Amino acid sequence: DDLVTINADNALDNRNFTINSTGTKTLRGEVGFGPGNTRLASFSSTGIGTIIVEEGINTTGNQSFADNLLTFGDGGPDGETINYNTTTGNFLVLRGATTLADDIVITSTTNGNIVFGGVGNDSATIDADGSNGRDFTLNTGGTVQLRGAIGQNSALETLTSDATGSIFIEENTRTRGNIFLGDTLITLGDAGADDAVLFNTINNGNFTVNSGSTTIQDDITITVGPGAANITFGATGVPATDNGATINADVAGRDLTFNSTGAVSLRGAIGQIGGGALQTILSNAGGSPLNEEHTRPLGHQTDNDDTVTRG
């Protein structure tokens with residue numbers, strides 16, 4: 001019964017709600033979305049157990065989850081969107097495996113952080129439920145940190161971050177459709193020793209970095225397809241300057257590989273900042289790469305595509 005709602009009792013937004021259990025915690029109704037100003041001050045799940053939140057949470061402050069197994073959404077039909085909103089706080093999943101059972105939107109309206117995985121914890125995975133691809137949208141002007149693998153057991157439909165703030169995606173990420181990163185600062189990889197991180201869209205989704213500065217902290221491979229999907233750093237209409245949609249390594253010597261039979265569009269400078277030269281830049285056969293700005297690899301730059309444009 002999704003009518004079992006939970007709300008604060010007044011308009012002061014000063015009620016904290018904490019659930020502490022190592023068993024299963026199931027919230028089947030909306031939390032903090034009641035009529036009037038009935039948001040909670042904060043929500044915390046402190047037991048290392050299982051939590052199922054089917055209809056979303058609305059708080060002014062932090063939402064924090066310490067569970068090993070987390071499910072957001074109720075497994076409803078495609079197209080249902082569940083919202084997790086905080087006006088001044090952070091959204092924190094400290095550990096565990098998260099399953100998206102609906103399209104999920106997480107929003108911090110005053111630049112809070114959205115974090116999956118504690119420091120040094122890459123086990124905070126995110127997957128869709130079963131064969132249903134689920135859209136996952138992250139909205140904040142603060143920092144988004146995704147420290148675990150995404151979509152490796154069951155691919156998400158899409159992954160979207162908004163047009164401000166910064167995002168760190170540290171492990172392999174797999175979607176059926178588009179990956180769109182609209183942040184000002186983008187970091188791919190976790191600076192591990194000799195790690196390789198893969199970004200895959202498996203049902204003709206595009207990979208797009210809208211306009212930000214990208215730092216790669218591992219060897220990165222971006223694969224889209226199997227049809228003519230596109231890889232874009234610097235969306236159409238964004239000025240192509242050395243300060244827009246740039247790509248640099250955290251330390252000299254990272255490999256960057258693009259696999260697409262569509263267009264590969266690189267509209268910003270590559271490897272120009274300090275010691276940020278890439279080791280190699282590779283693109284596969286069949287596509288049409290476009291590099292409009294300066295490129296500085298330490299090693300090889302190889303284009304096997306049908307059409308190659310630089311400068």
Side-chain angles (χ1 to χ4, degrees), residues 1-9 15-34 38-86 89-108 112-138 145-157 159 171:
D1 188 347
D2 62 5
L3 296 180
V4 182
T5 60
I6 302 170
N7 295 291
D9 61 343
R15 304 302 189 190
N16 300 304
F17 186 32
T18 300
I19 302 176
N20 186 5
S21 171
T22 57
T24 298
K25 295 151 279 188
T26 303
L27 307 178
R28 291 202 165 96
E30 291 183 335
V31 179
F33 287 97
T38 55
R39 290 173 299 207
L40 304 181
S42 68
F43 177 89
S44 299
S45 178
T46 59
I48 304 176
T50 298
I51 189 165
I52 302 167
V53 185
E54 295 189 355
E55 297 296 333
I57 300 175
N58 189 25
T59 63
T60 56
N62 291 342
Q63 297 180 28
S64 177
F65 304 86
D67 300 88
N68 282 329
L69 296 174
L70 307 94
T71 299
F72 297 139
D74 64 0
D78 292 347
E80 184 177 6
T81 299
I82 305 298
N83 291 285
Y84 295 78
N85 301 330
T86 172
N90 304 313
F91 183 97
L92 308 170
V93 173
L94 302 180
R95 62 175 65 83
T98 295
T99 299
L100 308 183
D102 277 306
D103 296 342
I104 300 298
V105 178
I106 301 173
T107 301
S108 176
N113 299 325
I114 299 172
V115 179
F116 282 75
V119 175
N121 185 350
D122 61 3
S123 64
T125 60
I126 304 170
D127 288 285
D129 59 334
S131 60
N132 294 319
R134 302 298 190 179
D135 296 330
F136 189 35
T137 301
L138 306 167
Q145 294 178 303
L146 307 177
R147 292 196 166 105
I150 301 172
Q152 298 305 294
N153 293 318
S154 181
L156 280 59
E157 185 63 31
L159 173 63
E171 299 295 334

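In this chain, numbering begins with 1 at the start of the sequence shown. As the structure is a computational prediction, the values presented were derived from the model and not from experiment.
Contact check for Phe116 versus Ile150: no side-chain heavy atoms found under the 4.5 Å cut-off. Side chains of Phe136 and Thr98 form no contact here, defined as non-hydrogen atoms less than 4.5 Å apart. Within the 4.5 Å cutoff, side-chain heavy atoms of Tyr84 are placed close to those of Val53. Put simply, the side chain of Val4 does not reach to within 4.5 Å of the side chain of Arg28, judged on heavy atoms. Here the side chains of Ile19 and Leu27 are in contact, with some heavy-atom distance below 4.5 Å. Between Asp67 and Thr50, the closest side-chain pair of non-hydrogen atoms is not below 4.5 Å. Glu55 is not listed as a side-chain neighbour of Val31, based on a closest heavy-atom distance of 4.5 Å or more.
Once rounded to the nearest 0.5 Å, the distance linking CZ of Phe17 with CG of Leu40 reads 7.5 Å. Between Thr99 atom OG1 and Asn153 atom CG the span is 8.5 Å, to the nearest 0.5 Å. With values rounded to the nearest 0.5 angstrom, Asp135 atom CG is found 4.0 Å from Asp103 atom CG. Annotation: the span from Ile57 atom CD1 to Asn85 atom CG amounts to 10.5 Å, rounded to 0.5 Å. Considering OG of Ser64 and CG of Leu94, their distance stands at 4.5 Å, rounded to 0.5 Å. Here CZ of Arg15 is found 4.0 Å from CG of Asp9. Values are rounded to the nearest 0.5 Å.
Looking only at distances, no side-chain donor or acceptor of Arg95 sits under 3.5 Å from a matching main-chain atom of Asn68. Using modelled atom types, one side-chain atom of Asn58 and one backbone atom of Gly32 make a donor-acceptor pair closer than 3.5 Å. Although no hydrogens or angles enter the test, the distance criterion places no donor-acceptor pair under 3.5 Å between the side chain of Thr60 and the main chain of Gly89. Under a 3.5 Å cut-off, the side chain of Arg39 and the backbone N or O of Ala8 do not form any donor-acceptor pair. Without hydrogens or angle criteria, Asn62 side chain to Asn90 main chain gives a donor-acceptor distance under 3.5 Å. Panel note: side chain Asp74, backbone Ala101; no donor-acceptor pair is recorded below 3.5 Å. In this structure a side-chain-to-backbone donor-acceptor pair under 3.5 Å is present from Lys25 to Gly47. Checking side-chain atoms of Asn83 against main-chain N and O of Gly56 turns up no donor-acceptor pair under 3.5 Å. Listed for the Ser21 side chain is a donor-acceptor partner under 3.5 Å among the backbone atoms of Gly23.
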Is there a side-chain contact (heavy atoms from CB on, under 4.5 Å) between Thr125 and Gln152 once you walk through the steps? CA-CA 9 Å; Thr125 60; Gln152 298 305 294; over 6 Å; no

Applying side-chain contact (heavy atoms from CB on, under 4.5 Å), run through Thr137 and Thr81 and close with a yes or a no. CA-CA 10 Å; Thr137 301; Thr81 299; over 6 Å; no

Begin with the C-alpha distance, continue with both residues' side-chain angles, and end with the deciding distance and a verdict on side-chain contact (heavy atoms from CB on, under 4.5 Å) for Arg134 and Asp129. CA-CA 8 Å; Arg134 302 298 190 179; Asp129 59 334; 2.8 Å; yes

For Thr86 and Thr59: C-alpha separation, side-chain torsions, deciding distance, then whether side-chain contact (heavy atoms from CB on, under 4.5 Å) applies. CA-CA 5 Å; Thr86 172; Thr59 63; 3.6 Å; yes

Take Phe72 and Phe65, measure what ring pair (Phe, Tyr, Trp, His ring centres under 6.0 Å) needs, and give me the verdict at the end. CA-CA 11 Å; Phe72 297 139; Phe65 304 86; 5.4 Å; yes

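The nearest pair of heavy atoms linking Asp127 to Ser154 is OD1-N, 3.1 Å. Residues Ala128 and Ala155 share a closest heavy-atom pair of CB-O, 3.4 Å.
Asn16 pairs by the side chain to side chain contact (heavy atoms under 4.5 Å, CB included) definition with Ala41, Ser42, not counting sequence neighbours.
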